[in-house]
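The figures here come from the full heavy-atom set of this structure, side chains too, leaving out hydrogens, waters and symmetry mates.
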Amino acid sequence: MSRVCHHLGFLLLAEAVLCTAAIRFQDVLSQDRTSPVTPYKKLHGWSSDQNEWNEKLYPFWEEGDPRWKGCWKGGRVRAKLVTDSPALVGSNVTFVVTLQFPKCQREDNDGNIIYERNCTQDTPASQDQYVYNRTKWMNNCGWENCTSNHSHNVFPDGRPFPHHSDWRKRNFVYLFHTFGQYYQNTGRFSTTVSVNTANITLGKHVMEVSIYRRGHSTYVPIARASSIYVVTEKIPLFVNMSQKNDRNISDSIFIKDSPITFDVKIHDPSYYLNNSVISYKWDFGDGSGLFVSSSSITPHTYALQGNFTLNLTVQAIIPVPCKPVTHTPPMPTSAVTIEPSSNPDSSTTVKTTGDNPDGGCHIYRYGYYRTSISIVEGILEVNIIQMTNIQVTESQAENSLVDFVVTCQGSLPTDVCTVVSDPTCQMSQSVVCDPIIITDKCLLTIRRAFDEPGTYCINITLGDDTSQALASALVSVNGGSSSGTTEGVFIFLGLLAVFVLIVAFVLYKRYKQYKPIERRPGQAENQEGLSAYFSNFKAIFFSRSNEKDPLLKSKPGIV
């Protein structure tokens with residue numbers, strides 16, 4: 001009997017040794033091998049990292065193992081793991097892992113790895129390619145036949161791969177590990193996984209991923225990566241501030257008496273707050289009081305110079321399923337029933353009939369933003385009040401000169417820039433910038449040269465260290481050599497107009513003096529009157545020949 005007990009004890013001891021020697025997911029996937037096992041809430045679709053790992057099918061190599069160097073032809077494969085963290089508790093946080101192959105290698109649409117021959121670091125990929133098909137050995141088997149071979153198409157914990165229509169192209173196995181649990185999936189050179197954060201404690205956590213490639217008999221490790229993600233109860237947000245004449249939007253210096261646009265950007269990539277009622281409460285720090293808005297974009301104008309502290313509180317009322325109503329004594333002084341929340345933080349689930357947008361249950365989340373800004377005088381406005389063409393001599397008329405008289409409001413500028421563009425103001429032709437010194441009044445004359453005649457769009461910008469303002473105008477420029485010709489044409493037209501007036505006056509006087517006498521009525525009278533009119537006209541312009549007529553000599557003005 002003692003002999004049987006001894007044999008039974010030996011078997012139990014052997015089994016205990018085997019159980020102790022078994023490799024678990026935590027041993028393979030966790031970077032911190034000595035971390036104690038802590039209680040956790042189960043993530044949907046994830047498994048405990050205390051499950052056993054099939055090391056025969058999925059070998060495990062420590063970092064620094066020489067086998068890493070030969071696991072991939074052409075160099076080491078790198079994995080890049082990115083996340084859209086921070087995530088508001090209750091929302092989804094997404095991770096994207098992408099394999100970065102050595103240069104001159106890529107994965108084609110069929111899942112094959114393409115090697116570009118004669119490709120170096122300095123030359124582009126050539127057309128000479130070598131295709132490496134890792135799944136060629138199973139081209140003749142269907143999904144059902146290949147899954148019957150338990151040595152392949154299974155994960156490290158023995159579970160079979162999920163069936164996908166493109167299962168032949170999925171040459172990589174991705175194993176994610178976080179919060180004491182793991183998630184396994186197959187994919188190509190890139191894959192995505194999302195995790196709901198409702199059961200994850202607040203704070204920083206680490207997501208790790210290990211990637212294996214399909215082989216003939218085993219899966220070979222090729223890369224590892226990790227990334228930190230954050231779960232928070234505060235709404236992640238940022239505020240973009242912009243102003244019309246602000247020169248540098250990143251220096252937190254803005255201009256007095258000019259509206260500033262505050263645009264709140266809430267980080268919610270999983271659209272968790274889509275059905276929420278969001279309000280924005282502003283305190284601009286200038287004594288203007290609190291301002292509550294339902295819009296994420298709010299303008300505000302500071303009327304004083306100085307330093308101010310901006311405070312913003314964002315409130316989101318998020319609808320959630322109501323918990324079963326428990327019979328509790330009624331509250332005599334309140335119409336609101338507050339129930340314990342199922343979320344891991346101190347927020348409450350509120351059931352009400354009046355204060356909330358609808359009659360359902362809600363949770364409240366808040367986000368906060370605080371920053372300091374400076375308000376200075378700045379340049380508010382620029383105006384072009386006069387444009388004058390400068391006349392030059394023909395020998396100096398290589399360029400046409402135009403003087404622009406410019407005024408501005410606000411602080412005094414320290415530099416001026418002139419941009420000459422086409423008439424549509426779209427295509428810039430030249431840019432000239434000069435420093436200026438103005439000590440009293442913002443009034444200056446800017447002289448610019450134009451190579452060719454034509455119509456131009458002129459943008460004049462006056463600026464100082466913190467602000468700048470712009471004025472635009474269309475200007476028509478005449479060539480320097482043609483200015484004298486144009487002036488001569490105008491003089492000639494003026495003299496011609498004076499000559500025409502003199503001739504008209506003389507004709508009027510002579511016509512009144514030698515008015516023909518009507519001798520008989522009828523058509524003949526009209527003809528004689530017309531003849532007399534032309535005779536008078538001839539007498540005006542050909543007086544020398546008229547003086548030879550004895551009738552006009554002896555009886556002037558009488559016909």
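The side-chain contact (heavy atoms from CB on, under 4.5 Å) check on Lys42 picks up Gln181, with sequence neighbours excluded. Partners of Ser295 under the side-chain contact (heavy atoms from CB on, under 4.5 Å) rule, at least two apart in sequence or in another chain, are Ser293, Ile297. Listed by chain and residue number, Ser374 satisfy the side-chain hydrogen bond (donor to acceptor under 3.5 Å, both in side chains) test with Asn307 (two or more places apart in sequence, or in another chain). For Asp251, there are no salt bridge (Lys or Arg N to Asp or Glu O under 4.0 Å) partners two or more places apart in sequence or in a different chain.
Remark: aromatic rings of Phe238 and His267 are distant, center separation not under 6.0 Å. Taking the six-membered ring for Trp and the full ring otherwise, Tyr182 and His177 have centroids separated by 6.0 Å or more. Ring to ring, Trp46 and Phe176 are not that close: their centroids are 6.0 angstrom or more apart. In this structure, Phe155 has its ring center closer than 6.0 angstrom to the ring center of Phe161.
Panel note: side chain Arg224, backbone Ser210; no donor-acceptor pair is recorded below 3.5 Å. With hydrogens and angles ignored, the 3.5 Å screen pairs no side-chain donor or acceptor of Asp110 with any backbone N or O of Asn112. Between the side chain of Thr197 and the main chain of Gly90, a donor-acceptor pair closer than 3.5 Å is present. Distance alone, capped at 3.5 Å, is enough to place a donor-acceptor pair between the Tyr302 side chain and the Phe284 backbone. With hydrogens and angles disregarded, a donor-acceptor distance shorter than 3.5 Å links the side chain of Ser190 to the backbone of Val97.
Legend: salt bridge (Lys or Arg N to Asp or Glu O under 4.0 Å) pairs involving residues 184-199, not counting sequence neighbours, sorted by first then second residue: Glu107-Arg188. Residue pairs that meet the salt bridge (Lys or Arg N to Asp or Glu O under 4.0 Å) test with at least one member in residues 265-290, sequence neighbours left out, are Asp263-Lys265.
If you check the side chains of Asn311 and Arg370, you find a donor sitting under 3.5 Å from an acceptor.
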Does the side chain to side chain donor-acceptor pair (under 3.5 Å) test come out yes or no for Ser194 and Thr94, once each step is laid out? CA-CA 4 Å; Ser194 294; Thr94 300; 2.9 Å; yes

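In this structure, Val239 and Leu312 have side chains that are in contact, with non-hydrogen atoms separated by less than 4.5 Å.
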